[in-house]
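Okay, structure first, notes after.
Both ligands and their constituent atoms are indexed starting at 1 by order of listing. The structure displayed is predicted, hence computed values, not measured ones. Throughout, numbering of the chain's residues begins at 1 and tracks the sequence.
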Amino acid sequence: MERTLLLVDDEPNVTRALKRLLYPGGYQILSANSGAEGLTLLDQHNVNVIISDQRMPDMTGVEFLSQVRERWPDTVRIVLSAYADFKAVTGAINDGAIYKFFTKPWDNGLMRANVREAFQHSELNWRNEQLTRIFESTLEGIMITDANGVIQSVNPAFSLITGYSAAEAIGNTPRLMRSGRHDAEFYQQMWQSLDDSGQWQGEIWNRRKNGEIYPQWMVLTAITIAGGRPGQYVALFNDISEQKRNEERIRHQAYHDALTGLPNRLLFNDRLEQALAQARRANEKLAVMFIDLDRFKNINDSLGHAVGDQLLRGMSQRLAQCTRDEDSVARMGGDEFTVLLPRIQQLDDIEQVARKILHSLSQPLAVEGHELAVTASIGISLFPSDGDRPDILMKNADSAMYWAKEQGKNKHQFYNADMSAGAVEHLALEAQLRRALEREEFLLHFQPQIALHDERLIGFEVLVRWQHPELGLVPPGKFIALLEETGLISPVGEWILHAACRQNQTWREQGLTPVRVAVNFSAHQFRNADPAVLVEQALRNTALPAGGLEVEITEGVLMDDIERSINTLRRLRERGVTIAIDDFGTGYSSLSYLKQFPADSLKIDQSFVRDITCNPQDREIVTSIITMAHALGLTVIAEGVETRGQLKLLRKLHCDQIQGYLIDRPLPVTQATEVLARAGTEDPKHASEQGTQT
Ligand code: C2E
Ligand code: MG
Ligand code: MG
């Protein structure tokens, strides 16, 4: 810090002498010969100490220094004058305008010492000033107590934070602000630390004057006096409520679902983990519920996400109302919720909660002018009987939930071991199957059928495949039955019929040899819809001539309702399509019925074809089917032909057509197209020989 001295005297000799005397002290020295000139210099420089003569023509030293005090109160102001002037100056010393009076003439050593002291005084003033400013303006609360803990001084921030004015605090002890949140041990440790290291810091809850309890971050320091005893304690503290709230908010966000405010999967898992530990210790039971809203997707899709979101919020409130305080409700995402029920006494209790939830959720909810009624399905797993780990309990509750849905929804279902992974997979498959059509995951394969006498291509059987995003190509055996159960076979079957006709018509338009495609009709399709109408639509939409389509219906389906079957088949044939009775031999048709069915061909089931060369009984059956069919004017096609031996034998038995791996597997459309293109040009005799290699 630069130390600047201003000398003011109308006698240049005096200032010159002083300058010479004080120069070695390292001060920056300014001089003026009048008060007016002194003021000008003060305007331009940062002066610490002023030494002024008293007797000057225009203004006296006291007058000058009084003006200086007004504008530069931090300066150290000294009058240097003859002793005779002392009287005139005393008043100014008393009211603080002047710090000291030096006499002329002076003793050089004393003068140097006095000036040094004046600068020290200036520096101390400055430091005090700084400290006071910090004390007054800092945002941290500061409290100083004596060795007995009696408050001696506090700063404005203290008052702002605690609500206590300085007057209210001083003389009191910090006990005034205790929250009651900490036990005796807490304070003991605090004192221990102060004794040991002279410091303590940590989080502490205190009470404001208005009663509000809030957290502080506090640093306590013991200020020791002679002998190392603490003479004072200084407490510095911040109000960290805001910070705590922020932390709390972030924590909350990490552990809660933004839409409903419910705990999320993370927090639920945590709680489940804890509850399991507790249950294990106390030998208690607990239950996990997995809740899924039925048909929520419909609402979301048809009314929009805003409505869906409100519905979810409404449902989560209801869930919270249906449960005890000690239970936990969480949202797993989507329309899935979980409930944890600790300390279960008897199954009946769970049963009651489940019913209460189902009832509550099924009440209509008004959202943006819509009266929404949704139901839910609940799966329940129990600790310890259904698992002892969170993931297993969750998985099993989830399986049970699928089961509840399967049983017609709006139900609860306890897990049992029969709900094996396979069964659940089946249910998951169903859910995916529902989306497969709109996602265009179905595709058609075409399996060539040839005439035995010249091995000419007659057509293709159309076989559906499901291109599953994860499982790959799924064969129909895995999903046709499921399509039937769920009724999805209607839209999917219709799609197959159209796609098959369209493909065949495309081939025809490409100028390829006209063939027919044989489309399978499932039981459900045959019974619940009118195949004649469906066929009519497909032919009309695709412009395929009726002769390009064959309908395959299994023998079993036809036998279900013979009257109706006959009627349907007749109408189909009137429309011009041909009819094949599929899987023949596996049902119980008697000849007399077969006679009545207006069909064109019989397909001998592959189970008879498989052993035809080695099993005389199968050969007998196939022989009589062929004989009988021919007697009725029906064409016979054998399916599942895999070997040359089977082919030779079938030819010998006068079977008309064959289909099987020997000729070709069911082919993707590009390969089927190639086969069809070859059929127009190649010597058909080669077909079966080529087929053996595949
Ligand atoms: P299906 O109508 O009797 O069809 C013949 C099945 O035998 C096909 O199985 C075919 O790939 C298979 N196959 C053909 N040649 C051979 C062979 O040489 N050896 C063996 N072992 N098998 C052969 P895929 O495609 O798995 O179809 C199974 C069943 O699924 C079909 O039996 C049919 O009932 C049903 N299906 C297939 N596609 C459709 C469809 O588009 N609609 C309906 N409703 N049902 C279909
Ligand atoms: Mg078939
Ligand atoms: Mg078949």
Side-chain angles (χ1 to χ4, degrees), residues 433 436-437 441-450 459-467 473-504 516-529 531 534-535 538 549-558 578-587 599-613 637-647 650 655 657-669 671-672 688 691-694:
L433 202 51
L437 192 60
E441 289 172 356
F442 291 114
L443 54 97
L444 300 182
H445 278 183
F446 299 85
Q447 186 172 36
Q449 301 174 319
I450 61 161
F460 299 96
E461 179 176 17
V462 177
L463 296 157
V464 70
R465 299 289 181 262
W466 178 17
Q467 183 65 55
L473 208 59
V474 185
K478 287 246 167 78
F479 64 88
I480 291 283
L482 207 54
L483 283 176
E484 294 243 294
E485 277 170 38
T486 53
L488 282 167
I489 191 71
S490 299
V492 176
E494 233 173 281
W495 177 86
I496 294 168
L497 181 62
H498 273 75
C501 291
R502 191 171 305 119
Q503 183 56 57
N504 199 9
R516 60 151 202 248
V517 288
V519 175
N520 293 280
F521 268 64
S522 75
H524 184 282
Q525 268 177 301
F526 193 70
R527 288 192 206 114
N528 298 3
L534 295 177
V535 163
L549 179 63
E550 179 159 276
V551 170
E552 288 192 13
I553 301 165
T554 63
E555 180 196 6
V557 171
L558 290 174
T578 53
I579 291 163
I581 300 179
D582 202 358
D583 297 351
F584 192 81
T586 57
D600 299 274
S601 54
L602 284 189
K603 293 187 81 172
I604 303 176
D605 193 67
Q606 45 182 284
S607 59
F608 301 106
V609 175
R610 190 178 308 129
D611 296 331
I612 191 176
T613 52
I637 175 161
E639 61 180 358
V641 179
E642 296 183 355
T643 65
R644 295 282 313 164
Q646 290 166 343
L647 177 133
L650 285 164
C655 180
Q657 301 166 0
I658 58 163
Q659 164 188 353
Y661 294 171
L662 177 66
I663 312 301
D664 260 315
R665 289 182 175 257
L667 306 169
V669 65
Q671 275 170 264
S688 59
T692 45
Q693 284 147 24
T694 54

- Closer than 2.8 Å to the Mg ion (ligand 2), do we get an N, O or S atom from E639, backbone or side chain? no
- Structural part of Q606 in contact with ligand 1, heavy atom criterion under 4.0 angstrom: side chain
- Message: Please work out, at 4.0 Å between heavy atoms, whether the side chain, the backbone, both, or neither of Q659 comes within that distance of ligand 1.
- Response: neither
- Message: Using the salt bridge (charged side-chain N to carboxylate O under 4.0 Å, His left out) criterion, which residues pair with R516? Sequence neighbours excluded.
- Response: E550
- Query: Who's closest to atom 38 (N) of ligand 1 heavy-atom-wise, of L483, T643, V464?
  - Reply: V464
- Given F442, F521, Y661, which has its nearest heavy atom closest to atom 16 (C) of ligand 1? Y661
- Taking only heavy atoms of E639 into account, list the atoms of ligand 1 that are under 4.0 Å away from them. 3 (O), 5 (C)
- Item | Shortest-distance N/O/S atom, E461 versus the Mg ion (ligand 2) | OE2
- Message: Tell me whether the rings of F460 and F446 are parallel (<30°), tilted (30 to 60°) or perpendicular (>60°).
- Response: perpendicular
- Message: Quick check: closest heavy atoms across G640 and V609, and the distance to 0.1 Å?
- Response: O-CG1, 3.9 Å
- Tell me, please, if E552 has any N/O/S atom, main chain or side chain, under 2.8 Å from the Mg ion (ligand 2)? yes
- Identify which of I496, V492, V519 has a heavy atom lying nearest to atom 41 (O) of ligand 1. I496
- Check L444 against ligand 1 and report side chain, backbone, both or neither, counting heavy atoms closer than 4.0 Å. neither
- For atom 31 (C) of ligand 1, which of L463, V474, V641 has the closest heavy atom? L463
- Task: Provide the closest heavy-atom pair for Q646 versus T613 in the form atom of the first, atom of the second, distance.
- Result: N-CG2, 3.9 Å
- Message: Closer than 2.8 Å to the Mg ion (ligand 2): does that hold for any N, O or S atom in N520?
- Response: yes
- Query: Given that the side chain starts at C-beta and the backbone is N, CA, C, O, which of these parts of R665 lies under 4.0 Å from ligand 1, counting heavy atoms, or is it both or neither?
  - Reply: neither
- Message: Out of the candidates H445, Q447, K603, only one should pair with E461 under the side chain to side chain donor-acceptor pair (under 3.5 Å) rule; please name it.
- Response: K603
